[in-house]
Structure formats: structure tokens, C-alpha cells
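Throughout, a chain's letter reflects where its sequence line sits, starting with A, and its residues are numbered from 1.
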Number of protein chains: 2
Amino acid sequence: MSTLKDVARQAGVSIATVSHVLNNSKAVSPGVRRRVLAAVKAVDYRRNRVARSLRTGQSYTLGLIVPDLTNPFFPELAQAVENRARALGYALLLIDASSNPQTELAGLQLLAEHGVDGVIWIPISDQLPDDLPFPVVVVDRPLANVDGVYADHHQGGVLLAQYAHKLGHRRVGLLLGPQSLASARLRREGFWQAANGKLEIVWEQEVPFSLHLPTPALELFSSQAVSLIVSASDVVAIAALRALDEAGISVPEEVSLLGFDDIPWASLVRPALSTVRQPLATMGERAVAKLLERIQNPEQVISQEVFEVELVERHSAHSLKRSRS
Amino acid sequence: MSTLKDVARQAGVSIATVSHVLNNSKAVSPGVRRRVLAAVKAVDYRRNRVARSLRTGQSYTLGLIVPDLTNPFFPELAQAVENRARALGYALLLIDASSNPQTELAGLQLLAEHGVDGVIWIPISDQLPDDLPFPVVVVDRPLANVDGVYADHHQGGVLLAQYAHKLGHRRVGLLLGPQSLASARLRREGFWQAANGKLEIVWEQEVPFSLHLPTPALELFSSQAVSLIVSASDVVAIAALRALDEAGISVPEEVSLLGFDDIPWASLVRPALSTVRQPLATMGERAVAKLLERIQNPEQVISQEVFEVELVERHSAHSLKRSRS
DNA sequence: AATGTTTGGTTAAACGTTTAACCGCCGTAG
DNA sequence: CTACGGCGGTTAAACGTTTAACCAAACATT
């Protein structure tokens, strides 16, 4: 690869001058500028970001840590983040933590070594390690003392409960997300709060955000009759769907099902999932914007942005009212 | 962030010595080594990979370019690549090309600037730009003159045709992937070859690898009767599934459907897709291994590895024989 | 005892940028 | 005519490593 030196030699100027025309960091005469640009083409020069990083302390690289790419919730987010970052001149280092908090920490460490300017983090751990040498903005799962962008999980819970009530359900079961995650806690709280007096929560079961339901959850389906199962996320809803199907229980005729997230698959599955939508791509883009703001201005007060959620009605939940009347 | 200099001062040795203990690049007495290690802890030293890169010419960073993370075929691959790369001490720069060849090229350029040691590429373009300053290994879509790891697409096509014949189908329609992609071409060729004389290919339609079917494809479903539709990939099979559902055509009763890839969703969808499986994660891991071999030994002869595929029977394709007998 | 040889450490150059400091020159103002 | 302030360019230092070259002291070999 050719360097500034090569360009300089080719153009018959000093390397400083070349640098200045490339960065517009100083006035340079049109004649020289033209020569330099020509030389750049001639030797096929590409700036060496490594050297630049070393000198300036900026790497123009961001980090992204996701818990598990295999969970269809994350790719959409990741894509938005990557595209936005690249549009703004940043490359993106990806860490997939494989649902392992250890890995996640190691990832943070790795990103530090690589000198990223900042990282976007969808955490599994419930707190930020201290003395990180870069700013971070957390996405999806609220954490204290960090910039964050989240959906309004609490409101999502409320929406679900209201919808359940509106459909005339009374006895419901809750497939909760990991309660170590603020997002899952908030959804639960929202639901409970809005359910108060109107809905009877017959059982609650904590399950991982995964396509594989633990057997205790499976057993609940048959043991205690509920007319509606509301699940922690679309993925677990879909897992439940499959389990119910295998158990010969039909949705929504025998039991209704509600999801959360509105991942693309929610509308692809049969019956299509009624769920609550969060603006994933927007959140991803906003996260990188926020991170860059923080990088520009490290002293600004930390803030959280919460995005509105929206109920989307499809066909996995059934109204009891009509069938009763 | 503390530097070698800080560690050296703290330990009362030269920075060269510190470097040597950290890299085991020279014998150092146990006493000094202990002091250095202690100093490292004391000042919370982390190696600065940027500086190291500049000096050594190695960045310990790999690039990964995927066409579209939102297509569920890729996350699994990406995860495998990332995990394997990290396990071997490499970080991974992700580029999502958003199905745009322009973006893809820009991404390659960006990776070059960042000085990656090599890149793993799932290309949309049909050839490798020349004078890339790093080695690349191509995955999934065969390209000439590059290292590659692929599934045996041709054999997959054969398997599909044989299976179709075994089930007693005769009139079939083909939802082909973009024929600019070698993978899609090979699948088609395999199918045609094995179909020869046994199957009548009533129509062929080229569609993108996406959840959205173009309308010409939709129209085919009703216009010309076939008993089986074989699709370019699971995603398009699922798209077809939905379209058929909306058209009130039931699968597999009225028309059978076959996929390709065996993405996780293939088994989640109803009816579960019969499809051909390729060992995605294995291929991802093998790709990074191959890339590293190439980095170690730039002169080795280029090679392609093709992986066996396997038919997996589920419930989207129907035997005609029984119903006829 | 004189002469290699090994051991354990240091010095300094180099990687490719950016950027502050410097400098010569030209045009203009006093 | 002198002084002065851009203008347009160059020089050189610095970023944090790695690593070749060097060196002193300890040790082994005859």
C-alpha cells in the first residue's frame, strides 16, 4: 500500500502538504492541490487509518455488542447501527456475546484495546463496568448512569394488559423475560399495574429470550387453564406457538397469545402474532447519533431516550366477548 | 489510558523490557518479570493495538461483509465467524451492504483503510475487485480466483429434484434465486440435471432472496397449475408460503413447497419446511480458519472447500403417490 | 588466565499520520 | 523604502508499539 510519502514524492511536495490537501487543514494553491490529487490517483493512495488513529487518538471505529445475533430481534438493530455508523464515516466492530456475560466483558475489553471511539451496547449484565476508556450508549435494556435509548417497555406492558381486558380475557398466564433485565421487569410491571383488578394472573414463568422453552413452562400450558398467554417477546411467543401446536392446543381458538417487539417474523408466522411494536431501526440510528454527540461533548449530562410503542393487532389473540354473547 | 512508558517507570525498567515480558519475545529474569507484571496491574495497563498495528503491520482485525443482516440466513453465519475470530484473537469489522453492490465496494474500501488483515465476504457482486490489499475468502457464493467455502449447491438441486420425483410430483415450478449469483445458478443446474425426463418444469421465475415476492411470481401461483414449487431459499419459500396462504391455497394439500438452507425458521413455520440443509456455522468457522491460513502463508495455492448438503424432510411437501394409489 | 558464549537488559529506529512551529515571499500600508 | 501581515509551503515532533542492534556482566571452555 502506498503512503503519504509516495504521494509526496510523486507530486514533488512535502508530505505535510499532501496531508493538508487531503484534510483541508490549510490553504493550498490550486496548482499544487491539483498535482497532489493527481498523484493520489496515480499511486492509488488510501489513507492509513491506523497511523491516523495513533496520531489523533480517534479511531473512527465504533463498537457494537449484542447478546446473540441468532435472536431475530438483534439483526435489524445491528443493521441500522452499522449503516448509520458507516454513513457517518465510522466502521463498526461487532461483538456477539453468545448470551454469556463473561464474553460480554471480554468483548468490552477487546474493544478498549482496539481503541474504539465509543460503543453501543445491548447488555446482558446488569451494570456497566467502571473505568471504561470510551463512552457507551445502552440500547433496549435500561441501565443506570449511562446514556440510553429504549422503548417504553412499561407502556408496552400496559398496552398488552388493556388489550387483554378489552378482548374480554380474565385468566392469563405470563411468560416473563429474564427478570435480571430491566426491560423484562418493566414490561411485567406495566402489565401488572394495568391488570390490577381486571385480570387474574394465574401463573408467571420466567424464561430466556430464546426459541427453546424450558420444560417447566411447557407444563404450565396444560396444567392451569388460562385463556391468554402473554409472552416476554415475539421469539418466546413463537416458541410457545410451536409448543402449543405440538401439544395439540390451537391458537387462538383454545388459547390466545400475545408477543412483544414486532420482529419481522411476527407477521410471517401463522397465526400472525398480535404484539407491540418498538421502532427498532429508529432506535438503532438514534443510538449512534447519541453516541457521537457524547463523543463530541464528553461532559454533557447523561440522558435516556424512550420511544413510544404501539399495539399491532393481528390474529393470535381472540376476543372472548363475541363468542360469549 | 496508561502506556508502556507508565508501566516501565512503575517497574523501574525500560519499555523494551516490558514489551518483552508481555510478548515473551525474549528471556527475562523472574524477578523483573514479576515486577513488570505487578506494574501492569498497578497502572491498569492495556495494550494499545493501534500502535502495535502500525508497527507490526498486523491489525488483528478481520472484516466481514454480508449482503443483508436482515435476511435470517446471515446472522447464524455472522455469529459463527465472529465467535471463531474472537477466539483466535481477532476482532471483527462488520459491513452490511444492504443488498447494494455499490455499498459492498465502498465497504471493501473502508476495510482496506482500516488495515484489516483479511476479509470474509459473502458477495453480491460477481467478481472480486483487483488489487485488494488483503486476502479474502468468499463464502456461500462461488467466485473465481479466490479462496472459498461453499455448500454443494449443485448437489442440493439434485437432492431436491430426486425428492420431488420420489414423492411422485411431475409438474413443478421453480422460484429461482438471482441468476447473477453462482449459488443460485448451481442450484438450478443441479435441479435441471436431475429433473431431466422425470420432472416437467412448467415455469421458472427469478426472485430476490427476500421476504417480498415480486408480483409476477405471485401471478404464477394461480395461472399455471403445478403440484410442487421449489424455491431458491427458505426465506423465499416462507414468502411463498405466506402468499399462498393469502391466496387461499393450502400447503401441502393443494401445492407442495420445498426450501433451501434450513435456516432455524424452516422448522418453526407451519407447515414446517422440507428443505436442504447446509452446515452454516461450520462453514463460517472454516472460513475464518481458511482466511488465517492464507494470511500466514500468502503464497499457498487458492482452494475452494465445498460442504455436503443434506435433505431434511418435514411437512411442506406431500407425496402424490399415496393419494393416487 | 584469556577467550568465547550466553544471559538479561537497554537504546533507538521505525511504522504513517497530523499538526504546531517555522520560514521565505509577495503585496500592501505607512 | 521599510515594515508587516497573510499566504503557501516545509520541518520536525509526537502518538505507543516492536524489534534489531548493542552492551555489560556472568559464565563456560581451553
Between protein and nucleotides 14-18 of chain C, what N or O pairs are separated by less than 3.5 Å?
| unit_1 | atom_1 | unit_2 | atom_2 | d |
| --- | --- | --- | --- | --- |
| C/dA14 | N3 | B/R55 | NH1 | 3.4 |
| C/dC15 | O2 | B/R55 | N | 3.3 |
| C/dG16 | N2 | A/A51 | O | 3.4 |
| C/dT17 | OP1 | A/Y45 | OH | 2.9 |
| C/dT17 | OP2 | A/L4 | N | 2.7 |
| C/dT17 | O5' | A/Y45 | OH | 3.2 |
| C/dT18 | OP1 | A/N23 | ND2 | 3.4 |
| C/dT18 | OP1 | A/R52 | NE | 3.1 |
| C/dT18 | OP1 | A/R52 | NH2 | 3.4 |
| C/dT18 | OP2 | A/S19 | OG | 2.8 |
| C/dT18 | OP2 | A/N23 | ND2 | 3.2 |
| C/dT18 | O2 | A/R55 | NH1 | 2.2 |

Donor-acceptor under 3.5 Å (A/D147 side chain, A/S303 main chain): yes
Under 3.5 Å: donor-acceptor pair, side chain of A/S2, backbone of A/V43: yes
Under 3.5 Å donor-acceptor, B/R294 side chain and B/Q300 backbone: yes
Nearest non-hydrogen partners of B/S180 and B/D126, listed with the distance: O-CB, 4.0 Å
Identify each atom pair where a protein N or O and an N or O of nucleotides 22-27 of chain C are less than 3.5 Å apart, giving names and distance.
none

Sugar-phosphate only, base, or nothing, as touched by A/S29 at under 4.0 Å among non-hydrogen atoms: sugar-phosphate
Main-chain N/O of A/N100 paired to A/S98 side chain as donor or acceptor, under 3.5 Å: no
Test ring-ring contact (aromatic ring centres under 6.0 Å, His included) applied to B/Y60 - qualifying residues, sequence neighbours left out: B/Y90
Whether A/R52 side chain and A/S59 backbone form a donor-acceptor pair below 3.5 Å: no
Donor-acceptor contact present, side-chain B/Q10 to main-chain B/A42, <3.5 Å: no
